[in-house]
Amino acid sequence: MTKVPSVIHWFRLDLRIHDNLALRNAINEAENRKHFLRPVYFIEPDIKSKVGVNRLRFLVQSLQDLDANLKKLNTRLYIIRGNAVEELPKLFDKWQVKYLTSQVDIDPIYTKQDEIIDEIAEKKDIFIVRRVQHTVYDVHSVLKKNNNSVPMTYQKFLSLVQDVQVKDCIEITKQVSEHCKPKDIDSKKYDVPSLNELELDDSALEPLKYPGGETEAVRRLNMYMARRQWVCKFEKPNSSPNTIEPSTTVLSPYISHGCLSAKLFYHKLKEALNGMPHSQPPVSLLGQLMWREFYYTAGAGTENFDKMVGNSVCTQIPWGTNEEHLKAWAEGRTGYPFVDAIMRQLKQEGWIHHLARHMVACFLTRGDLWISWEQGAKVFEDYLLDYDWSLNAGNWMWLSASAFFYKFFRVYSPVAFGKKTDKEGLYIKKYVPELKKYPTAFIYEPWKAPKSVQATAGCIIGQDYPKRIVDHDKVHKDNLQKMSAAYKLNKERKALKRPLK
DNA sequence: GACTCGGTTGGGCAA
DNA sequence: CTTGCCCAACCGAGT
């Protein structure tokens, strides 16, 4: 008996049905050749060492939703427990795979997988189709347009994509035929894992504030796009980092997992803005999407983009190490209530406002603690629902004034910055409840409160809430000198590399 | 080549 | 209370 060959669509960061051309290609190929269709996702055994609890929950929810949406199309999601580059070649043989589709991703984790799979597939005569659908633009063609070099400014990037026509989104509406359904379509062994199976105890955790999945992503998108005035007037720098409910859309976790197509967001925005006066990039909502494209382009075109050493766009800065300070920062006990509130919100909810990221990133690096941005990026990778390889590295370089941004004397004050949008410190009181009873006058600098006030508020500094680990006014001035010295050295190094005239 | 200018998102002070 | 300026900057386009 001859086995029926299979077509695989390999899901990674494209956990959706809408605007998924690679998936549609797989379906069509299976239909045309009467092959089996097998949409797969790999969960690595050591996933918990790489993905924090909140993001793991988000991922599981996204996979459950994806499986449900695939079932509506008369197919399903096959979850494979194991490492993709080990398991996929086994499936090639077991399932007689002839055709494989996936999405183009630029995170080195995925590009390395692609290289290995390409080589194996070629030997086995398997045809591979990969589609650009995680970004609005094909970042490699943008790089090519810029003479194969990285555009170092946002405006330069915009000029490169200005006249590029963005393709329409595609939809998949037709049901998959019965003859494309493998015999093992109902096998439980491919089911989406429960949190239990992943040994993830969420009984101690709050319910996820931003539930994962394409369905929620599209609902959220439509909800915001319906507020047309708000969309048209949106200006990121004028939104607040410390409101109790987010002042921005929080679509980022959905875009980073591919639950929402960036291209769909793009077209919906264009539709909303059409014929209305509206804000412009870089501050507009469309501008935010373009920042993502900018960092993707930079990340795709730069070796070691997520490191300082060996990274051609990154200024070399002699960061120090201080495990105690790093830990205090990550756990939200620096003694600066605004910084601690932000870090605790991040850990609890997996999302903080972009300007809040500025505050804590500046504090960890050039502002106060003089700790490498790579350390901060690792903590963000653990905590953020919207973790994204190129955006995380790019933004950390920006904030630490290592690349793209150079005005290092612009330092965020952990005392003054939050006051601009939250004089009362309500945000602090929510996330640092120890200070709940502090009078407004001391909420941003509780160490200044007299002992009697501390006692009345039920929170003694140095006992119930930490003393500040550094004196901002002093250290930020020392750090300015260090930054200046690092820039001078960098300039000299660059001059040496330039050919002599 | 040398120069100017503008560029998402600071703080603090003088006027 | 607002505005302008200063503080230790670099990239890229235009002239």
Side-chain angles (χ1 to χ4, degrees), chain A residues 145-147 149-160 162 233-243 247-248 278-295 297-298 301-302 312-317 336 338-339 342 352-363 365-368 370 391 394-423 444-445 472-495 497-501:
Chain A
K145 204 169 172 183
N146 198 40
N147 304 316
S149 69
V150 172
M152 291 300 291
T153 64
Y154 180 80
Q155 297 300 332
K156 175 70 188 173
F157 170 80
L158 282 190
S159 74
L160 291 167
Q162 201 176 20
K233 283 189 178 148
F234 186 92
E235 291 187 352
K236 186 62 159 278
N238 294 336
S239 60
S240 164
N242 48 5
T243 47
S247 61
T248 52
H278 56 81
S279 54
Q280 296 289 335
V283 298
S284 63
L285 266 180
L286 192 61
Q288 305 311 300
L289 192 53
M290 293 299 109
W291 278 106
R292 178 174 185 269
E293 301 289 317
F294 169 65
Y295 283 130
T297 308
T302 310
S312 60
V313 304
C314 184
T315 305
Q316 305 298 300
I317 296 168
Y336 282 96
F338 187 44
V339 173
I342 294 168
I352 49 177
H353 187 278
H354 188 63
L355 292 177
R357 302 181 196 205
H358 278 213
M359 177 67 247
V360 296
C362 181
F363 188 88
T365 57
R366 65 189 168 85
D368 295 77
W370 199 254
L391 270 66
N395 277 312
W396 272 98
M397 282 190 272
W398 180 291
L399 259 300
S400 59
S402 300
F404 312 116
F405 171 85
Y406 312 93
K407 285 180 254 200
F408 59 74
F409 47 86
R410 289 192 176 180
V411 177
Y412 289 83
S413 159
V415 172
F417 187 62
K419 285 185 187 171
K420 286 198 284 192
T421 42
D422 179 22
K423 275 196 185 65
Y444 280 89
E445 19 189 7
H472 172 77
D473 290 336
K474 188 190 170 303
V475 292
H476 100 270
K477 280 181 187 146
D478 297 344
N479 291 345
L480 281 177
Q481 280 186 7
K482 293 188 206 165
M483 285 302 290
S484 181
Y487 268 48
K488 272 200 190 87
L489 253 173
N490 203 257
K491 212 171 185 174
E492 284 166 26
R493 276 198 212 111
K494 272 191 182 170
K497 275 186 196 161
R498 225 174 284 139
L500 296 169
K501 278 167 242 156

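Naming convention: chains lettered A, B, ... in sequence-line order (proteins, then strands); numbering from 1 in each chain. Values reported hereafter were calculated over all heavy atoms of this structure, with side chains retained and with hydrogens, waters and symmetry mates removed.
Partners of A:H472 by side chain to side chain contact (heavy atoms under 4.5 Å, CB included), not counting sequence neighbours, listed by chain and number: A:Y336, A:D368, A:V411, A:S413, A:P414, A:H476. Under the rule for a side chain to side chain contact (heavy atoms under 4.5 Å, CB included), the partners of A:Y406 that lie at least two apart in sequence or sit in another chain are A:M152, A:Y487. Qualifying side chain to side chain donor-acceptor pair (under 3.5 Å) partners for A:Y295, counting only residues two or more places apart in sequence or in other chains: A:N395. For the side chain to side chain contact (heavy atoms under 4.5 Å, CB included) test, residues two or more places apart in sequence or in another chain that qualify with A:F409 are A:K407, A:L480. Partners of A:S279 by side chain to side chain donor-acceptor pair (under 3.5 Å), not counting sequence neighbours: none found. Residues satisfying the side chain to side chain contact (heavy atoms under 4.5 Å, CB included) criterion with A:T421, sequence neighbours excluded, are A:S240, A:P241, A:N242.
Residue A:H358 holds its NE2 atom at 5.0 Å from OH of A:Y412, rounded to the nearest 0.5 Å.
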Practice problem: Produce a footprint string for nucleotides 10-15 of chain C: one letter per nucleotide, 5' end first; B if the base is under 4.0 Å from any protein heavy atom, S if only the sugar-phosphate is, - if neither. | Solution: BSSS--

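Within 4.0 Å (heavy atoms only), A:F417 reaches sugar-phosphate atoms of the nucleic acid but no base atom.
For the P atoms, the distance from B:dT8 to C:dA13 is 14 Å, rounded to whole Å. For B:dG6 and C:dG4, the P atoms lie 14 Å apart once the distance is rounded to whole Å. Taking atom P on both C:dA9 and B:dG1, the two are 25 Å apart, rounded to the nearest angstrom. A gap of 14 Å separates the P atoms of B:dC5 and C:dC6, to the nearest Å.
Nearest heavy atom pair, residue A:R366 against residue A:M483, reads CB-SD, 3.9 Å. Minimum heavy-atom separation, A:T248 to A:H353: CG2-NE2, 3.8 Å. A:G287 and A:Y154 get closest at one heavy-atom pair: O-OH, 2.9 Å. Closest of all the heavy-atom pairs between A:G367 and A:N479 is O-ND2, 3.1 Å.
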Collect all protein-nucleotide pairs involving nucleotides 13-15 of chain B in which both atoms are nitrogen or oxygen and the distance is under 3.5 Å.
none

Polar pairs (N or O, both sides) under 3.5 Å between protein and nucleotides 3-7 of chain C?
none

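The salt bridge (charged side-chain N to carboxylate O under 4.0 Å, His left out) pairs that include a residue from residues 473-486 of chain A are A:K474-A:D478, where partners are two or more places apart or lie in different chains.
Within residues 233-240 of chain A, the residues approaching DNA chain B are A:K236, A:P237, by heavy-atom distance under 4.0 Å.
The aromatic ring of A:Y154 does not sit over the base of B:dT8; the criterion of centres under 5.5 Å apart with planes under 30° is not met.
For A:Q155, the listed nucleotide lying nearest its side chain is B:dT8; candidates were B:dT8, B:dG12, C:dA8.
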Exercise. For DNA chain B, just give me the dot-bracket, please: Watson-Crick or G-U, both distances below 3.5 Å, ( ) intra-strand, [ ] crossing earlier pairs, | paired with another strand, . unpaired.
Key: .||||||..||||||

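Two residues are said to be in side-chain contact when any heavy atoms from C-beta on lie closer than 4.5 Å; A:F408 and A:S484 meet this criterion.
For the pair A:L158 CG and B:dG7 P, the interatomic distance rounds to 12 Å; values are reported in whole Å.
Proximity of A:K420 to the phosphate of B:dG10: no side-chain N or O atom is located under 4.0 Å from OP1 or OP2.
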